[in-house]
Amino acid sequence: MSSSNGAKENSHNKPRTSPYPGSKVQRSQVPNEKVGWFVERQDYNPVEYTAVSVLAGPKWADPQISESNFSPKFNEKDGHVERKSQNGLYEIENGRPRNPAGRTGLVGRGLLGRWGPNHAADPIITRWKRDGSGNKITHPISGKNILQFVAIKRKDCGAWAIPGGMVDPGEKISATLNREFGEEALNSLQKSGAEKRELEEQLHKLFSQEHLVIYKGYVDDPRNTDNAWMETEAVNYHDEIGEIMDNLTLEAGDDAGKVKWVDISDQLQLYASHSQFIKLVAEKRDAHWSEDSETECRGL
């Protein structure tokens with residue numbers, strides 16, 4: 001298996017935008033120069049917000065810090081719940097984890113279930129774009145082969161994204177990648193027994209081949225707060241000759257409104273940090289990214 005943690009440090013812009021997703025809540029403003037916790041700011045007065053859906057106590061969410069029977073073990077594996085961050089140790093202040101990327105203008109958990117890191121997995125499934133004769137299509141300006149990936153349109157915000165999702169307690173990342181792709185891009189939850197078995201067989205072929213870990217760590221996500229944030233492991237599975245994905249019919253399911261193959265280029269507008277992950281895939285596969293020769297990706 002090849003891997004890379006070579007993504008540049010994430011920006012911290014989307015967790016400072018208002019209103020907070022799915023609400024009318026306005027964050028306290030945090031200028032760029034005041035994001036870092038090392039910058040003293042006595043006038044910092046963030047808004048407190050945790051969504052009603054989280055406070056209702058679903059199985060994927062922690063209780064409130066104030067509840068007497070809740071004693072989370074931050075920065076370590078807490079039973080089946082992974083509370084370690086992929087970016088190293090994070091600070092705890094007044095019993096609450098502190099976002100390692102800095103201030104967001106909002107405390108509490110917002111829409112996120114866990115205090116501290118909320119772990120996700122993003123499967124990036126790619127193939128080469130081909131013509132009717134099966135030949136790879138090259139971009140007329142960059143001269144590089146055009147790569148395609150499977151994208152879903154999220155139901156919650158309408159943005160195009162990688163078909164990923166949250167890692168269940170005790171679940172291996174590889175299982176999350178397989179499950180989420182099947183549910184969101186192939187509608188596996190609605191398949192009959194025979195269809196599901198055939199689908200699982202094809203997915204096993206896809207997810208058992210060599211792959212690239214594109215990124216592991218903090219995500220520039222609009223749901224992040226001062227006390228809860230998204231982290232992901234983005235993994236690229238590439239179908240070099242198309243023999244696996246050609247036998248699978250894309251069908252939106254679960255959290256996805258639509259699903260399709262999308263040409264990879266710098267013109268993509270994707271959810272959260274997903275454009276950054278896709279750019280890294282283009283670099284690793286030495287595929288087309290930009291028409292501007294000065295910013296064209298080079299294979300690493």
Side-chain angles (χ1 to χ4, degrees), residues 5 7-55 61-62 64-66 72 74-75 83-120 122 154 156-162 164 166 215-234 268-280:
N5 287 335
K8 294 173 183 173
E9 189 173 330
N10 279 298
S11 58
H12 187 61
N13 297 318
K14 292 177 182 177
R16 291 184 284 151
T17 56
S18 291
Y20 185 87
S23 77
K24 296 180 180 178
V25 176
Q26 298 289 319
R27 298 176 186 265
S28 297
Q29 291 193 338
V30 182
N32 290 339
E33 66 273 14
K34 297 292 180 70
V35 168
W37 296 110
F38 58 88
V39 179
E40 192 171 337
R41 189 179 171 191
Q42 294 181 345
D43 64 338
Y44 183 53
N45 188 28
V47 176
E48 174 97 29
Y49 175 66
T50 299
V52 173
S53 58
V54 176
L55 293 175
D62 289 332
Q64 287 289 78
I65 289 287
S66 57
F74 293 122
N75 284 305
R83 299 193 190 277
K84 287 188 289 187
S85 168
Q86 309 218 46
N87 292 82
L89 295 177
Y90 49 88
E91 300 287 332
I92 309 299
E93 189 175 80
N94 299 321
R96 294 184 175 194
R98 200 166 70 172
N99 188 323
R103 298 181 175 96
T104 68
L106 191 146
V107 294
R109 284 174 288 162
L111 288 167
L112 300 178
R114 304 292 179 196
W115 294 97
N118 287 255
H119 294 284
D122 290 310
R154 293 174 62 109
D156 57 358
C157 62
W160 286 93
I162 297 163
M166 306 306 296
Y215 178 79
K216 293 167 72 171
Y218 181 87
V219 181
D220 186 37
D221 192 291
R223 295 169 293 181
N224 293 352
T225 74
D226 285 9
N227 309 123
W229 59 91
M230 288 296 304
E231 297 190 8
T232 197
E233 184 164 329
L268 290 173
Q269 297 291 321
L270 302 176
Y271 180 79
S273 299
H274 291 190
S275 292
Q276 177 196 18
F277 303 155
I278 295 299
K279 181 180 180 181
L280 287 168

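Asp220 and Lys14 are not joined by a salt bridge, as no carboxylate oxygen comes within less than 4.0 angstrom of a charged side-chain nitrogen.
By the ring-ring contact (aromatic ring centres under 6.0 Å, His included) test, Tyr49 pairs with Tyr20, sequence neighbours left out. For the side-chain contact (heavy atoms from CB on, under 4.5 Å) test, residues two or more places apart in sequence or in another chain that qualify with Pro19 are Gln26. Under the side-chain contact (heavy atoms from CB on, under 4.5 Å) criterion, Met166 pairs with Asn118, Ala120, Met230, sequence neighbours left out. Evaluation of the side-chain contact (heavy atoms from CB on, under 4.5 Å) rule for Val107 yields Pro46, Glu48, Arg96, Asp226, Asn227 as partners, not counting sequence neighbours. In terms of the side-chain contact (heavy atoms from CB on, under 4.5 Å) criterion, residue partners of Glu93 (sequence neighbours excluded) are, by chain and number, Arg98.
Within the 4.5 Å cutoff, no side-chain heavy atoms of Thr225 are placed close to those of Leu112. Side-chain contact between Ser53 and Leu111 is present, with at least one heavy-atom pair separated by less than 4.5 Å. Side-chain contact check for Gln86 versus His119: some heavy-atom pair is nearer than 4.5 Å. Residues Asn94 and Ile65 fail the side-chain proximity criterion, which asks for heavy atoms closer than 4.5 Å. Side-chain atoms of Asn75 and Arg83, non-hydrogen and from C-beta on, never get closer than 4.5 Å to each other.
Side-chain N or O atoms of Ser85 include none that pairs as donor or acceptor with a backbone N or O of Pro117 at under 3.5 Å. The closest donor-acceptor contact from the side chain of Trp37 to the backbone of Asn99 lies under 3.5 Å. A donor-acceptor pair under 3.5 Å is formed between the side chain of Arg27 and the backbone N or O of Pro15. Asn87 places a side-chain N or O within donor-acceptor distance of the main-chain N or O of Tyr218, the cut-off being under 3.5 Å. Judged by distance alone, with hydrogens and angles left aside, the side-chain atoms of His274 form no donor-acceptor pair with the main-chain N or O of Trp160 at under 3.5 Å. Here the side chain of Ser273 pairs no donor or acceptor atom with the backbone of Gln276 at under 3.5 angstrom.
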Under 3.5 Å, which donor-acceptor pairs link side chains of residues 28-35 to any protein atom two or more places apart or in another chain?
| residue | atom | partner | partner atom | Å |
| --- | --- | --- | --- | --- |
| Ser28 | OG | Asn45 | O | 2.7 |
| Asn32 | OD1 | Arg16 | NH1 | 2.9 |
| Asn32 | OD1 | Arg16 | NH2 | 2.9 |

*Tyr215 and Thr232: CA distance, side-chain angles, deciding distance, side chain to side chain contact (heavy atoms under 4.5 Å, CB included) verdict*: CA-CA 8 Å; Tyr215 178 79; Thr232 197; 4.3 Å; yes

*Output, in order, the C-alpha distance, side-chain angles, deciding distance and verdict of side chain to side chain contact (heavy atoms under 4.5 Å, CB included) for Arg41 and Arg103.*
CA-CA 10 Å; Arg41 189 179 171 191; Arg103 298 181 175 96; 3.7 Å; yes

*So Gln64 and Arg109, side chain to side chain contact (heavy atoms under 4.5 Å, CB included) or not? Walk me through it.*
CA-CA 9 Å; Gln64 287 289 78; Arg109 284 174 288 162; 2.7 Å; yes

*Chi angles and distances behind the side chain to side chain contact (heavy atoms under 4.5 Å, CB included) call for Thr104, His12*: CA-CA 8 Å; Thr104 68; His12 187 61; 3.8 Å; yes

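Closest of all the heavy-atom pairs between Gly95 and Phe74 is O-CE1, 3.7 Å. The shortest heavy-atom contact between Tyr44 and Gly105 is OH-N, 3.0 Å.
When ring centroids are compared, Trp229 and Tyr90 come within the 6.0 Å threshold.
Distance check, rounded to the nearest 0.5 Å: CG of Leu270 to OG of Ser275 gives 3.5 Å.
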